**Student:** 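Supplied in structure tokens, the structure appears directly below.
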Protein chains: 4
Amino acid sequence: MTSSEGTRGGRRGNTRQRIQDVALELFVQQGYEKTSLREIAEHLDVTKAALYYHFKTKEDILIGLFEDLARPVDELIEWAKEQPRTLETKHEILRRYSAALAGAEGLFRFIQENQAAVRELRTGEDFKERMLRLLEMLREPDAALADQVRCFSALFSMHAGMFVLRDAESDPEEKRKAILEVATDLVTQANAGQGEKG
Amino acid sequence: MTSSEGTRGGRRGNTRQRIQDVALELFVQQGYEKTSLREIAEHLDVTKAALYYHFKTKEDILIGLFEDLARPVDELIEWAKEQPRTLETKHEILRRYSAALAGAEGLFRFIQENQAAVRELRTGEDFKERMLRLLEMLREPDAALADQVRCFSALFSMHAGMFVLRDAESDPEEKRKAILEVATDLVTQANAGQGEKG
Amino acid sequence: MTSSEGTRGGRRGNTRQRIQDVALELFVQQGYEKTSLREIAEHLDVTKAALYYHFKTKEDILIGLFEDLARPVDELIEWAKEQPRTLETKHEILRRYSAALAGAEGLFRFIQENQAAVRELRTGEDFKERMLRLLEMLREPDAALADQVRCFSALFSMHAGMFVLRDAESDPEEKRKAILEVATDLVTQANAGQGEKG
Amino acid sequence: MTSSEGTRGGRRGNTRQRIQDVALELFVQQGYEKTSLREIAEHLDVTKAALYYHFKTKEDILIGLFEDLARPVDELIEWAKEQPRTLETKHEILRRYSAALAGAEGLFRFIQENQAAVRELRTGEDFKERMLRLLEMLREPDAALADQVRCFSALFSMHAGMFVLRDAESDPEEKRKAILEVATDLVTQANAGQGEKG
DNA sequence: CATGAATGAGGTTTCATTCAT
DNA sequence: GATGAATGAAACCTCATTCAT
């Protein structure tokens, strides 16, 4: 598909995407604030001005990245809204969320590590809201506080787990499964606890 | 009150402390990179140059903050090294760590949210290492992967929990207890799981 | 209506005209330097590149505007050159100039308010020269200095008057007449003064 | 007074003033927008950053210039408010205003030629208001429209006169007197006209 | 203990302009 | 007759840092 390159650099039409890719890479490596547009441009072998043709501001590049991520999560939320509020549904939410995360590890890591930068973005807020919507779907509002923590912990560990266990022995897919298992456990316990306290 | 100088060690002047306080506040609010020395100086109603009397560089301010935090954690590690490697010891580690966190919430939040900035600090590395040392003390090296995740999750949730549940109903002290409870649970399970797999 | 092309001179397309209209509007509102081609293009809902099809440079747009204005004034000068140098002729010059100004208020206001930008344009120089030619026709070279000032003042007030009295009560046409009256008075006095000194 | 130079450039303490001087010079020559801070800095043999130590923004330099000018005019207004509203007072206002203008020719010329840039400044508005206050003091509110124009014309010609007659033969002081004479005449006529129309 | 003045490097952004299609 | 993509130059501004006083 993108194989008709070779003639000359093979730009055209995909520059926007290339900018996003490089930007994400650098943002993850060095943080948003520490990454300058000059750097991004140099990596792409274009001028800074070219970036501004595709994105109105530096922040806009970030927003673009967020939007790409938002979609799968939105779809997950949409799907979840139509399901019965059973434990099995909750497990499926975790499974699907885990899959979504696997596909956008970089961005998630970036969000995790650059919350200070992300916080003041409108899109950052949107993202946080989505997160809370997901949390709503896992936890029971009148559960014990510890059970609330369990649900939150399940979600949060899925974010963090991927890159903190980075240097662990096993391969990524096994790691992902282990994390999902723990998260599922936590939610299960939270739901069981429900009966005890309610 | 400020006359007990001369003995040296006694907080000579208090500007240094005030700088750290204001800096931490701003670093937490806006992130490290986004906070300029000008801002810090203005908040303190001194000139930028005055900051340089007390700290050699901007990074030095950060390092100062870290050091204040490192001490309690170092003490905890020191203490733990001398304890038997029992489940009860692990629980006590969590208890003490939870207490330490409560006393330095701001700084922990800062670290959590500015990992990108912190990563390239020597001190940042030190801090991360300490974290791993703690993790070593909770987990059993040959446990199942999921159990490793549980231990990591316990530790990590303690960091994150404080400010993500920020707007939750209950008061901070109750929240802290709930988080500690979940963490303890996780470590307990991890240790039990041990038998099943090892 | 737009079919009378081919004869040439007949407004070929009307984009060129639209560009000039929008450009003048923005130049007047914000000044020449502060108005970017991007803005002009956006107001017209075309791309910047389209502007370059019609005008070779930004300055060319300005030159185009000037030319449209130059014609009536040139005609006035041409006409005046053939008239006897009487007071009545001078009055008629003022009358005609006042009429010309009424038809190009925007552009005149622009020139008045952007002299700094206009000064270094070749066309700007041309325009200033025209102004001086007009002044030559009103004043007598050996008149008293005060009378020279009167003639200059007459001309200048006509320029400025239109938009400085903008918020005055009366309607534009009455205002124009009042300004013309004062200008005529000034020139009359200048010519009477002639006898006293010459 | 500033003669202790010779040792080494002789800056210190007067940089702020020097910035304003150079800035005004360049603003007058090339216009506000066309004058870059780089240029100003180069003329002063300092870095751009030095400008920013003394003025928070480019606009601030302009505002500084305006303030220096505002004072004399404010004093004039203050003085005029306490005088009886006679023709003689009006003449004295013109005399004093003429003197004030002579002392700040550059700035006035700048304002005249950069209205587009000045318009959006808060300080620009202030200045315009002062002008109107002065106009109020010269004209009678119920006079004929032509007489209003005369008063405005008197004021306005004083602004413009100085530099438009620049290349006229006579020396500046004589020019100033001639302009003042015409302005005085115009105001006198405006006040006489008063009786005829009412 | 602290300030006032300045610097050098670099940041984001905007602009007029070009050119292949 | 117009667009999409890009460029080179330069704009304004901010930052961490230094140093004489």
Side-chain angles (χ1 to χ4, degrees), chain A residues 8-9 11-16 19 33-41 44-61, chain B residues 5 12-16 19 33-41 44-61, chain C residues 12-16 19 32-41 44-61, chain D residues 8-9 11-16 19 33-41 44-61:
Chain A
R8 200 253 151 197
R11 274 94 159 280
R12 182 155 77 258
N14 63 335
T15 304
R16 200 189 144 93
I19 291 171
E33 315 277 2
K34 275 268 227 172
T35 303
S36 71
L37 295 184
R38 178 177 54 69
E39 256 176 313
I40 298 177
L44 287 165
D45 210 46
V46 287
T47 58
K48 273 178 291 169
L51 303 186
Y52 278 91
Y53 177 75
H54 293 282
F55 297 91
K56 249 183 12 204
T57 75
K58 184 184 179 186
E59 198 177 306
D60 252 40
I61 300 181
Chain B
E5 315 201 348
R12 46 161 169 29
N14 66 336
T15 306
R16 197 186 149 90
I19 292 173
E33 313 279 1
K34 274 265 223 164
T35 302
S36 68
L37 294 185
R38 179 175 54 68
E39 255 176 313
I40 296 177
L44 287 165
D45 215 46
V46 290
T47 54
K48 266 182 296 175
L51 303 185
Y52 278 89
Y53 180 82
H54 294 281
F55 296 92
K56 240 164 67 148
T57 73
K58 185 186 180 187
E59 202 177 301
D60 256 35
I61 300 182
Chain C
R12 48 167 172 20
N14 68 336
T15 306
R16 198 187 149 90
I19 291 173
Y32 174 72
E33 314 278 3
K34 274 264 221 162
T35 302
S36 69
L37 294 185
R38 178 175 56 68
E39 254 176 314
I40 297 176
L44 287 165
D45 215 45
V46 290
T47 54
K48 266 183 296 176
L51 303 184
Y52 278 89
Y53 180 82
H54 294 283
F55 296 92
K56 242 165 63 149
T57 72
K58 185 186 180 186
E59 201 177 303
D60 257 35
I61 300 182
Chain D
R8 202 250 151 199
R11 276 92 159 280
R12 182 158 77 259
N14 63 335
T15 305
R16 198 189 147 93
I19 292 172
E33 314 279 1
K34 275 266 226 171
T35 303
S36 70
L37 295 183
R38 179 177 53 70
E39 256 175 313
I40 298 177
L44 287 166
D45 210 45
V46 286
T47 58
K48 271 177 293 168
L51 303 186
Y52 279 93
Y53 176 76
H54 293 282
F55 297 91
K56 246 180 16 198
T57 74
K58 185 185 179 186
E59 200 177 303
D60 252 40
I61 299 181

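Predicted model, so just to flag it, every value in this text is computed and none were measured. Letters A, B, ... mirror the listed sequences (proteins, then strands); counts begin at 1.
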**Student:** Using the side chain to side chain contact (heavy atoms under 4.5 Å, CB included) criterion, which residues pair with B/Ala49? Sequence neighbours excluded.
**Tutor:** B/Thr47
**Student:** How long is the straight-line distance from CG of D/Leu44 back to CG of D/Leu51, given to the nearest 0.5 Å?
**Tutor:** 7.0 Å
**Student:** Expected output is a numbered-order residue list: members of residues 32-39 of chain C with a heavy atom under 4.0 Å from any atom of DNA chain E. What is it?
**Tutor:** C/Thr35, C/Ser36, C/Leu37, C/Arg38
**Student:** Taking salt bridge (Lys or Arg N to Asp or Glu O under 4.0 Å) as the definition, give me every residue that meets it alongside B/Lys34, ordered by chain and number, with sequence neighbours left out.
**Tutor:** A/Glu120
**Student:** Defining pairs by Watson-Crick or G-U wobble geometry with both distances under 3.5 Å, how would you list the stems of DNA chain E with at least three pairs each?
**Tutor:** E:2-21 with F:2-21
**Student:** How long is the line joining CD1 of D/Ile19 and C1' of E/dA5, in whole Å?
**Tutor:** 11 Å
**Student:** Could you tell me the separation between the NZ atom of B/Lys48 and the C1' atom of E/dC1, rounded to a whole number of Å?
**Tutor:** 18 Å
**Student:** Out of curiosity, D/Glu33 CD to C/Tyr32 OH, how far, rounded to the nearest 0.5 Å?
**Tutor:** 12.5 Å
**Student:** Starting at CG of D/Leu37, measure out to NZ of D/Lys48 and round the result to the nearest 0.5 Å.
**Tutor:** 8.0 Å
**Student:** Could you give the distance separating F/dT21 and E/dC1 at their C1' atoms, to the nearest angstrom?
**Tutor:** 13 Å
**Student:** Could you check which of E/dT18, E/dT13, F/dA2 has an atom nearest any side-chain atom of C/Thr47?
**Tutor:** F/dA2
**Student:** Rounded to the nearest angstrom, tell me the gap between atom CD1 in C/Ile61 and atom P in E/dC15.
**Tutor:** 14 Å
**Student:** Using a 4.0 Å cut-off on heavy atoms, which residues in residues 52-60 of chain D reach DNA chain E? List them by number, or say none.
**Tutor:** D/Tyr53, D/His54
**Student:** Take the protein atom CG of C/Leu44 and the nucleotide atom C1' of F/dG1, then report the distance between them rounded to whole Å.
**Tutor:** 14 Å
**Student:** What's the CG-P distance between B/Leu51 and F/dC19, to the nearest Å?
**Tutor:** 17 Å
**Student:** Considering residues at least two apart in sequence or located in another chain, which fulfil the side chain to side chain donor-acceptor pair (under 3.5 Å) criterion with B/Glu59?
**Tutor:** none
**Student:** Counting only side-chain N and O atoms of D/Thr15, is one of them less than 4.0 Å from OP1 or OP2 of E/dA6?
**Tutor:** yes
**Student:** Applying side chain to side chain contact (heavy atoms under 4.5 Å, CB included), name anything that partners C/Phe55, two or more places apart in sequence or on another chain.
**Tutor:** C/Arg16, C/Ile19, C/Gln20, C/Asp60, C/Ile61
**Student:** Starting at the 5' end of DNA chain F and moving along, which residue's nearest nucleotide shows up first, C/Val46 or B/Ala49?
**Tutor:** C/Val46
**Student:** How long is the line joining CG of A/Asn14 and P of F/dA5, in whole Å?
**Tutor:** 11 Å
